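Right, one structure below, let's go through it.
All heavy atoms count here, side chains included; hydrogens, waters and symmetry mates do not. A quick note: this is a predicted structure, and the numbers were derived from the prediction, not measured.
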Amino acid sequence: MEIKRDLYLEKLVHKMDNGSIKVITGVRRCGKSYILNTIFYNYLKENGFDEDHIIKFSFDAADDLMKIGENLIELEAKKQKASYVKFMNYIASRIADSKKYVFLLDEIQKLECFESVLLSYLKKDNVDIYVTGSNSRFLSKDVITEFRGRGDEIHIFPLSFSEYCAFLNENSEQQLEKYMFFGGLPRVVLAKTDEDKMDYLRTQMQHTYLKDIVDRYELHKDNCIEELLSIIASGISGLTNPLKISNTFNAIKKMKISSELINKYISHFEDAFILNKAKRYDVKGKKYISTPYKIYFEDIGFRNVILDFRQVEYTHIMENIIYNELRYRGYNIDVGNVEIREKNSENKEIKKNLEVDFIANKGSKRYYIQSAYDIPNEEKWIQETKSFDNIKDSFKKIIIVNKKIVPHYTEKGYFILGLSEFLLNINSLEL
């Protein structure tokens with residue numbers, strides 16, 4: 001059964017023949033190779049491309065490497081990369097005419113001098129290039145700079161909830177709960193039992209994600225990155241900064257780690273697409289506030305496995321999932337800060353900062369969004385909407401709650417909808 005990733009197929013099709021190297025990024029195991037080598041490849045064949053003009057090559061496949069006279073076992077034993085000379089000779093033998101050729105190159109970082117090789121092919125009018133890579137260097141955000149401004153990034157996320165449900169052909173509250181617990185890595189969704197899902201996440205976190213970071217930055221096992229991730233995982237959806245994390249780390253782990261080092265490690269996690277930071281934006285002052293900020297995980301399964309599935313706080317998990325869904329839909333996300341003045345019990349005027357969970361921006365569109373797991377009473381309602389009451393612009397204000405309700409507007413014009421409705425309808429913010 002095929003997992004459909006229609007959003008990414010549309011992006012790949014849209015970027016065809018744009019004169020850039022299409023660089024497919026994303027955390028390891030999120031489905032990059034499958035999207036390129038199966039979904040996009042099948043699209044090309046179904047739309048008239050001759051197979052002889054689709055050059056599909058994986059640099060970690062023994063059969064493909066044999067085509068250029070390389071031996072996978074020998075390369076791995078010697079920790080060598082495939083010869084760019086042998087590869088370019090192979091390409092020369094494949095390009096037989098002036099018609100369009102499409103390169104689908106997987107694990108490109110395993111080729112010598114791949115940046116220069118790809119840039120040389122980009123000069124040819126009849127070549128369109130798509131690449132993926134899966135080590136921490138290639139997954140880093142700075143990979144686009146390697147192509148000297150000629151790279152066009154297509155970022156792949158783990159499965160959204162709508163993709164998850166489409167694959168299972170089932171939409172239920174039970175599936176939403178599983179998604180909030182295990183996340184959306186394709187192999188996790190395919191696993192048959194909960195135990196298999198947990199085992200897979202544990203294995204990937206230990207032997208893929210953390211190992212990549214340790215290897216790339218030449219860290220030692222005593223660098224406490226697991227413990228640091230655990231502290232961050234416990235505090236998702238809360239405002240934080242490196243100094244606050246350092247103090248928490250020292251208090252809980254009884255180990256000293258500087259805020260400077262924590263900031264560096266957070267950057268490593270970001271570069272590997274494990275974590276993402278959401279900056280604060282002063283709505284009234286129309287400026288960014290550098291610190292504190294919020295941290296979310298690229299996949300909620302990462303957060304839960306780091307805590308060994310013991311600290312399941314659905315309020316925070318729901319907020320992380322909404323954040324990821326908004327990014328999946330192409331929005332730039334900030335955390336809103338609304339400064340107000342009000343009188344205290346002594347009738348003195350004081351400043352107070354109210355929070356908007358998310359400000360979602362895309363082009364001329366902007367949405368203010370609150371994530372509210374439950375609103376059981378009037379007091380909670382006032383708390384959730386007070387920041388909205390103090391924003392005077394006309395952009396849409398939305399409250400997402402964790403229950404099935406009929407989407408509707410309040411008397412003040414605030415739009416309310418349930419989490420499932422939000423996640424399953426890509427146009428839900430525009431209802």
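- At least one donor-acceptor pair closer than 3.5 Å links the side chain of Arg150 to the backbone N or O of Gly19.
- Side-chain contact annotation: Glu173 with Gln175, donor-acceptor N/O pair under 3.5 Å absent.
- Side-chain contact between Val117 and Ile108 is absent, with no heavy atoms from C-beta onward closer than 4.5 Å.
- Remark: Arg310 engages Asp308 in a salt bridge, criterion side-chain N to carboxylate O under 4.0 Å.
- No hydrogens or angles considered: nothing links the side chains of Ser160 and Glu325 as a donor-acceptor pair under 3.5 Å.
- Ring centroid separation for the pair Phe59 and Phe87 comes in under the 6.0 Å cut-off.
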Determine, stepwise, if the pair Trp381 / Thr410 fulfils side-chain contact (heavy atoms from CB on, under 4.5 Å).
CA-CA 12 Å; Trp381 173 258; Thr410 69; 3.7 Å; yes
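- Proximity of a side-chain donor or acceptor of Lys284 to a complementary backbone N or O of Glu339 within less than 3.5 Å is detected.
- Between Glu112 and Lys86, no side-chain nitrogen of the basic residue sits less than 4.0 Å from a carboxylate oxygen of the acidic one, so the salt-bridge criterion is not met.
- Distance alone, capped at 3.5 Å, is enough to place a donor-acceptor pair between the Asn250 side chain and the Ile257 backbone.
- Using a 30° and 60° split on the angle between ring planes, Tyr296 and Phe358 fall in the tilted class, from 30° to 60°.
- Taking 4.0 Å as the cut-off between side-chain N and carboxylate O, Asp389 and Lys412 count as a salt-bridged pair.
- Minimum interatomic distance between Ile359 and Gly336 (heavy atoms only, all atoms of both residues): CD1-CA, 3.5 Å.
- Side chains of Ser172 and Gln174: a donor-acceptor N/O pair is absent below 3.5 angstrom, by distance only.
- At least one cation-pi condition fails for Lys279 and Tyr293: the charged atom is not both under 6.0 angstrom from the six-membered ring centre and inside a 45 degree cone around its axis.
- Around the NZ atom of Lys362, the shell of radius 6.0 Å holds more than 12 heavy atoms that belong to other residues, nucleotides or ligands.
- Note on ring orientation: taking the six-membered ring where Trp is involved, the planes of Tyr367 and Tyr331 are perpendicular (angle over 60°, cut-offs 30° and 60°).
- Counting only N and O atoms by type, the side chains of Tyr373 and Glu319 include no donor and acceptor under 3.5 Å apart.
- At most 12 heavy atoms of other shown residues, nucleotides or ligands fall within 6.0 angstrom of atom CG in Asn169.
- In this structure, Tyr121 has its ring center no closer than 6.0 Å to that of Tyr101.
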Starting from the C-alpha separation in whole Å, work towards a yes-or-no answer on salt bridge (Lys or Arg N to Asp or Glu O under 4.0 Å) for Lys197 and Asp194.
CA-CA 5 Å; Lys197 296 176 190 294; Asp194 290 355; 5.5 Å; no
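- Contact annotation: the side chain of Arg28 never approaches that of Gln204 to less than 4.5 Å [non-hydrogen atoms, C-beta and beyond].
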Tell me, with the steps shown, if Met16 and Phe40 meet side-chain contact (heavy atoms from CB on, under 4.5 Å).
CA-CA 11 Å; Met16 291 178 70; Phe40 187 52; 4.1 Å; yes
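- Tested against Lys22, the residues Thr132, Asp128, Asp152 include a single side chain to side chain donor-acceptor pair (under 3.5 Å) partner, Asp128.
- Side-chain contact annotation: Arg5 with Thr38, donor-acceptor N/O pair under 3.5 Å absent.
- When atom types are taken as modelled, the side chain of Lys244 and the backbone of Leu239 share a donor-acceptor pair closer than 3.5 angstrom.
- More than 12 heavy atoms of other shown residues, nucleotides or ligands fall within 6.0 angstrom of atom NE2 in His408.
- Taking 4.5 Å as the limit, some side-chain heavy atom of Ile274 sits within range of a side-chain heavy atom of Ile213.
- There is a side-chain donor-acceptor pair under 3.5 Å between Gln311 and Ser234.
- Across all non-hydrogen atoms, the minimal contact from Ser428 to Phe415 is O-CE2, 3.6 Å.
- The pair Lys294-Glu355 meets the salt-bridge criterion, since a charged nitrogen lies less than 4.0 angstrom from a carboxylate oxygen.
- The environment of OH in Tyr84 is sparse: at most 12 heavy-atom neighbours from other residues, nucleotides or ligands sit within 6.0 Å.
- Here the side chains of Gln370 and Thr385 are not in contact, with every heavy-atom distance at 4.5 Å or above.
- At a threshold of 4.0 Å, the pair Lys264-Glu260 does not count as salt-bridged, since none of the basic side-chain nitrogens sits closer than that to a carboxylate oxygen.
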Verdict with supporting geometry, Lys56 and Asp106, salt bridge (Lys or Arg N to Asp or Glu O under 4.0 Å)
CA-CA 8 Å; Lys56 188 166 70 165; Asp106 203 18; over 6 Å; no
Take Ser83 and Glu70, measure what side-chain contact (heavy atoms from CB on, under 4.5 Å) needs, and give me the verdict at the end.
CA-CA 8 Å; Ser83 165; Glu70 293 281 23; 3.3 Å; yes
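- For the ring pair (Phe, Tyr, Trp, His ring centres under 6.0 Å) with Phe302, the qualifying choice from Phe182, Tyr209, Phe297, Phe269 is Tyr209, the only one to do so.
- Nearest heavy-atom pair across Ser420 and Leu176 is OG-CD2, 3.4 Å.
- Heavy atoms from other residues, nucleotides or ligands lying under 6.0 Å from NZ of Lys4 number 12 at most.
- The environment of CZ in Arg202 is crowded: more than 12 heavy-atom neighbours from other residues, nucleotides or ligands sit within 6.0 Å.
- Looking at every heavy atom in both residues, Asp299 comes nearest to Gly301 through OD2-N, 2.9 Å.
- Between Tyr164 and Tyr179, the ring planes are perpendicular. Angles over 60° get that label, and only those under 30° would be called parallel.
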Tyr409 and Lys396: CA distance, side-chain angles, deciding distance, side-chain hydrogen bond (donor to acceptor under 3.5 Å, both in side chains) verdict:
CA-CA 11 Å; Tyr409 287 87; Lys396 192 171 182 177; 3.1 Å; yes
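- Distance alone, capped at 3.5 Å, places no donor-acceptor pair between the Asn361 side chain and the Arg366 backbone.
- With respect to Phe57, the ring pair (Phe, Tyr, Trp, His ring centres under 6.0 Å) criterion is satisfied by exactly one of Tyr130, Tyr41, Tyr90: Tyr90.
- Proximity of a side-chain donor or acceptor of Ser246 to a complementary backbone N or O of Pro242 within less than 3.5 Å is not detected.
- Checked by atom type and distance alone, the side chain of Lys254 pairs as donor or acceptor with a backbone atom of Ala251 at under 3.5 Å.
- Asp64 places a side-chain N or O within donor-acceptor distance of the main-chain N or O of Ser58, the cut-off being under 3.5 Å.
- Taking both residues in full, the closest heavy atoms of Ile129 and Leu118 are given as CD1-O, 3.6 Å, listed atom of the first, atom of the second, then distance.
- With Asn263 contributing its side chain and Ser259 its backbone, the two residues share no donor-acceptor pair below 3.5 Å.
- A side-chain N or O of Thr25 and one of Glu153 form a donor-acceptor pair less than 3.5 Å apart.
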Do His53 and Glu51 pass the side-chain contact (heavy atoms from CB on, under 4.5 Å) test, and can you show the C-alpha distance, the side-chain angles, and the key distance before you say yes or no?
CA-CA 5 Å; His53 287 71; Glu51 285 192 57; over 6 Å; no
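- Within a 6.0 Å radius of CD in Glu430, other residues, nucleotides and ligands contribute more than 12 heavy atoms.
- Residue Lys352 qualifies as open at atom NZ: its count of foreign heavy atoms under 6.0 Å is 12 or below.
- Between the side chain of Asp6 and the main chain of Glu163, no donor-acceptor pair closer than 3.5 Å is present.
- A salt bridge does not link Asp212 to Arg216: none of the charged nitrogens lies less than 4.0 Å from a carboxylate oxygen.
- In this structure, a donor-acceptor pair under 3.5 Å is absent between the side chains of Glu74 and Gln80.
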